[in-house]
Amino acid sequence: MAHRPNYHEHLSDSQYSYVAREYLKDMGYLPKEESSVAATSQFVAVRHHEHLHIIASRIRLDGSLVNDSYDYFNSQVSTRRIAAELGLEVTPTTNEAVTSKLQQEYGITALTSPNRSKSIRAVNSKHKTPTSKEIFAKQ
């Protein structure tokens, strides 16, 4: 079931399985090499219409943690790399650094969206929500 009129890109179950594994490798939840089991995280990937829902534990089976720093950036790079590899439409990114990395490391051309995401700090500044530091300073 498509969310856009005239949507034409569809993947098989095996392709969705490939997408899930590649994404989890890129994000550090699965090891890059299949032979290493220790650096594996438990996960569930569910196909829902024409997309995936993935739930993964940051705690690997060996007790180490998946580094989630820059996960939004890395997720954009990963999803666009996989889309290009499968011949799918590469959607615009929210970040020029993502576009640059895709071009330099993978030779993938991606546009930068004019609708850039606002930082959490910028969103919170509009609401005038005091930070925990400000709350404690008043006491």
Item to check | Side chains of L102 and V77 in contact at under 4.5 Å (non-hydrogen atoms) | outcome: yes
Checklist outcome for this item: Separation between OG1 (T93) and CG (L111), nearest 0.5 Å, reads 8.5 Å
Checklist entry - Could you give the distance from OG1 (T99) to CD1 (I108), rounded to the nearest 0.5 Å? => result 11.0 Å
Next on the checklist: Does the plane of the ring in H51 sit parallel, tilted or perpendicular to the ring in H49? Use 30° and 60° as the thresholds.
Outcome noted: tilted
Checklist entry - Which hydrophobic side chains are connected to V66, either touching it within the sub-4.5 Å cutoff or through other members that do? => result L11, Y16, Y18, V19, Y23, L24, M27, Y29, L30, F43, L52, I54, I82, L86, L88
Next on the checklist: Using every non-hydrogen atom in the two residues, find where K25 and K32 come nearest and quote the distance to one decimal.
Outcome noted: O-NZ, 3.4 Å
Next on the checklist: Using every non-hydrogen atom in the two residues, find where E50 and H10 come nearest and quote the distance to one decimal.
Outcome noted: OE2-ND1, 3.1 Å
Checklist entry - Hey, is OH on Y70 packed in by over 12 heavy atoms from elsewhere, all under 6.0 Å? => result no
Item to check | Distance-only polar pair, side chains of S69 and N67, donor-acceptor under 3.5 Å | outcome: yes
Next on the checklist: Taking salt bridge (Lys or Arg N to Asp or Glu O under 4.0 Å) as the cut-off, I'd like each qualifying pair that reaches into residues 72-83, sequence neighbours left out, listed once.
Outcome noted: E22-R81, D26-R81, R81-E85
Checklist outcome for this item: Those residues at least two apart in sequence (or on a different chain) that pass side chain to side chain contact (heavy atoms under 4.5 Å, CB included) with S14 are S12
With distance as the sole test, does [X] use its side chain to make a donor-acceptor pair with the main-chain N or O of [Y] at under 3.5 Å?
X   : Y   : value
Q76 : N95 : no
S41 : S57 : yes
S64 : R60 : no

